[in-house]
Amino acid sequence: MTSKLFLKSTLLFFSLLIVSCGSSKKAIPQIKPSNDNVTLTSTSTDVTFKTGAENFESYLPLLKDKRVGIVTNQTGILSKEKHLVDFLIEQNINLQKIYAPEHGFRGTADAGELIVDGKDTKTNLPIISLYGNNKKPKPEQLEGIDVLVFDLQDVGARFYTYISSLHYVMEACAENNIPLLVLDRPNPNGTIIDGPILEKEHKSFVGMHEIPVLHGMTIGEYAKMINGENWLKDSLQCELKVAPCLNYSHEMKYILPVKPSPNLPNDQSINLYASLCFFEGTNVSLGRGTEKQFQIYGSPFLPESEFDYSFTPQPNFGAKDPVHNGKLCFGEDLTEIRKVHRLELKWLLKAYENTADKTVFFNDFFTKLAGTKKLREQIEAGMTEKEIRKTWQEGLEQFKEIRGKYLIYE
């Protein structure tokens, strides 16, 4: 009875959500025709949008009578009141362990903060951290697991580390002969494919694969690409299944119901994330330690005469020790600008041009974020945004051809 009531309330929630996501009465393409055996199918005739986690009938039979582990965090929800972990327990799925990525299971840790193993107070399930020195589950951490479920909300940027966690989870599953079930979720930047292609010598946890900064794929599609392009160690193959979203297309506007991480508080920050994240590799603050993270930028080294917006970073929920803590910064407020539809370099270039001592503008992290030394060299050489963007085009066209092989949605 509880399950039936939950299903009804969940369908009502997503019926309301789809209105906020800008849907229309026109039928939304569901899933591209495909002969692969990775994408699970559904016989549902419901035209309501559903995430992969809500696509119950496609994946619950795969979990029945299995010992299940789950990689998830606060984004693994079915509604604002119901987490997937709680739902699976209600469905008598035998959950054994929770594996948590950067920011932890509840999503409250700072970027880069050390997360330790623990126990979920609500369910008593053990929590294993997949961050710091333990990015890939060890064989002993996978003992007693018959199938692993992966449900994280990505934002479509190469340096957002949930896709790096996906890589290591797939690799561990392949090495230990454990099937992986990815519950798909929309990419809120799903139509944008842009930025320099990562060069393999600059591979790091903020850039695992030779892709552009914005890849335009859902995390389920991305998992298929990791397997299909043999990106796992020793060209291993993970036994992969993807529970797709229903009634979804890449063109569909999607507003996340919860913050995917502490410093992405709203739709505007998620849209600007890829463009402003480059400031992490400079002496410019992107708003950590304020209420406008990834929506403003500034530094004490930018002149007040050129920048009429100011802010002072202070320790807060998302940043215990933010860049320029307690210092007055001058910059720009982007909270009210129109949504961007590409990777924008204009703010980065403007900050560089207006910094008097350019020798201290960049730090070593910038090359990891860019995935190439060329972008810094191009900026230092005084190239325009148009000239820089032109150098990306050949790589982007090649990536689009690869991407096309793994798309689930129109």
Side-chain angles (χ1 to χ4, degrees), residues 31-32 34-40 52 59 69-73 75-76 99 101-102 130-131 134-137 142 147-187 189-190 193 195 197-245 250 260 368 371 395-396 398-409:
I31 300 171
K32 292 180 68 177
S34 174
N35 294 322
D36 73 62
N37 60 0
V38 174
T39 307
L40 300 175
Y59 70 86
I70 185 166
V71 182
T72 191
N73 61 7
T75 66
Y99 302 83
E102 183 178 9
L130 298 183
Y131 195 61
N134 189 50
K135 294 181 176 67
K136 184 169 82 172
L142 292 170
V147 59
L148 199 60
V149 175
F150 189 101
D151 186 22
L152 293 173
Q153 175 65 62
D154 189 43
V155 299
R158 185 181 66 214
F159 32 62
Y160 201 66
T161 60
Y162 294 168
I163 57 174
S164 299
S165 294
L166 173 66
H167 173 106
Y168 283 123
V169 166
M170 290 179 68
E171 198 167 88
C173 285
E175 291 171 341
N176 293 277
N177 297 311
I178 296 174
L180 178 67
L181 170 64
V182 174
L183 307 184
D184 211 4
R185 292 183 179 270
N187 178 350
N189 291 308
I193 304 165
I197 305 293
L198 179 134
E199 298 162 353
K200 62 174 62 177
E201 60 265 34
H202 300 298
K203 175 182 174 180
S204 71
F205 195 60
V206 292
M208 297 285 293
H209 310 119
E210 295 170 63
I211 65 168
V213 173
L214 287 154
H215 53 72
M217 305 178 80
T218 67
I219 205 160
E221 293 171 327
Y222 199 86
K224 290 175 61 178
M225 185 163 65
I226 290 174
N227 243 8
E229 295 301 306
N230 297 311
W231 284 341
L232 300 179
K233 184 178 67 176
D234 301 324
S235 297
L236 288 168
Q237 292 284 301
C238 169
E239 184 182 336
L240 174 69
K241 297 290 184 186
V242 177
C245 302
H250 285 279
K368 287 186 176 182
L396 289 173
Q398 292 172 353
F399 171 74
K400 287 175 184 177
E401 288 188 19
I402 297 170
R403 170 184 177 272
K405 296 187 292 183
Y406 305 106
L407 295 183
I408 298 172
Y409 317 97

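Each residue takes its place number in the sequence, starting with 1. These numbers come from the heavy atoms of this one structure, side chains and all, not from hydrogens, waters or symmetry mates.
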Worksheet entry | side chain to side chain contact (heavy atoms under 4.5 Å, CB included) between His250 and Leu407, worked out | CA-CA 10 Å; His250 285 279; Leu407 295 183; 4.0 Å; yes
Worksheet item: Yes or no on side chain to side chain contact (heavy atoms under 4.5 Å, CB included) for Arg403 and Met217, after CA distance, side-chain angles and deciding distance?
Response: CA-CA 8 Å; Arg403 170 184 177 272; Met217 305 178 80; 3.8 Å; yes
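- A search for side chain to side chain contact (heavy atoms under 4.5 Å, CB included) contacts involving Ile219 returns Phe150, Asp154, Ile163, Leu166, Val182, Asp184, not counting sequence neighbours.
- How far CZ of Arg158 is from CD of Glu210: 10.5 Å, rounded to the nearest 0.5 Å.
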Worksheet item: Would Glu175 and Lys233 count as a side chain to side chain contact (heavy atoms under 4.5 Å, CB included) if you check the C-alpha gap in whole Å, the side-chain angles of each, and the deciding distance to 0.1 Å?
Response: CA-CA 9 Å; Glu175 291 171 341; Lys233 184 178 67 176; 3.0 Å; yes
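- Atoms CG and CE, from Asn227 and Met170 in turn, are 4.0 Å apart once rounded to the nearest 0.5 Å.
- For Glu201, the CD atom counts as densely surrounded, since its 6.0 Å shell holds more than 12 non-hydrogen atoms of other residues, nucleotides or ligands.
- Formation of a donor-acceptor pair under 3.5 Å by the Asp151 side chain with backbone atoms of Thr72 is not found in this model.
- Distance check, rounded to the nearest 0.5 Å: NZ of Lys136 to CG of Leu130 gives 11.5 Å.
- Nearest heavy-atom pair, His167 versus Leu232, reported as atom, atom and distance to 0.1 Å: O-CD2, 3.5 Å.
- Figure legend: cation-pi geometry between Lys224 and Tyr222 absent, as NZ or CZ is not positioned both under 6.0 Å from the six-membered ring centre and within 45° of its axis.
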Item to complete: Please lay out, stage by stage, how Lys368 and Phe159 fare under the test side chain to side chain contact (heavy atoms under 4.5 Å, CB included).
Response: CA-CA 9 Å; Lys368 287 186 176 182; Phe159 32 62; over 6 Å; no
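- Counting heavy atoms from C-beta outward, Ile211 and Leu198 have side chains that stay 4.5 Å or more apart.
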Discussion item. Working note: Glu229 + Tyr406, criterion side chain to side chain donor-acceptor pair (under 3.5 Å); need CA distance, chi angles, decisive distance, verdict.
Written reply: CA-CA 10 Å; Glu229 295 301 306; Tyr406 305 106; 2.5 Å; yes
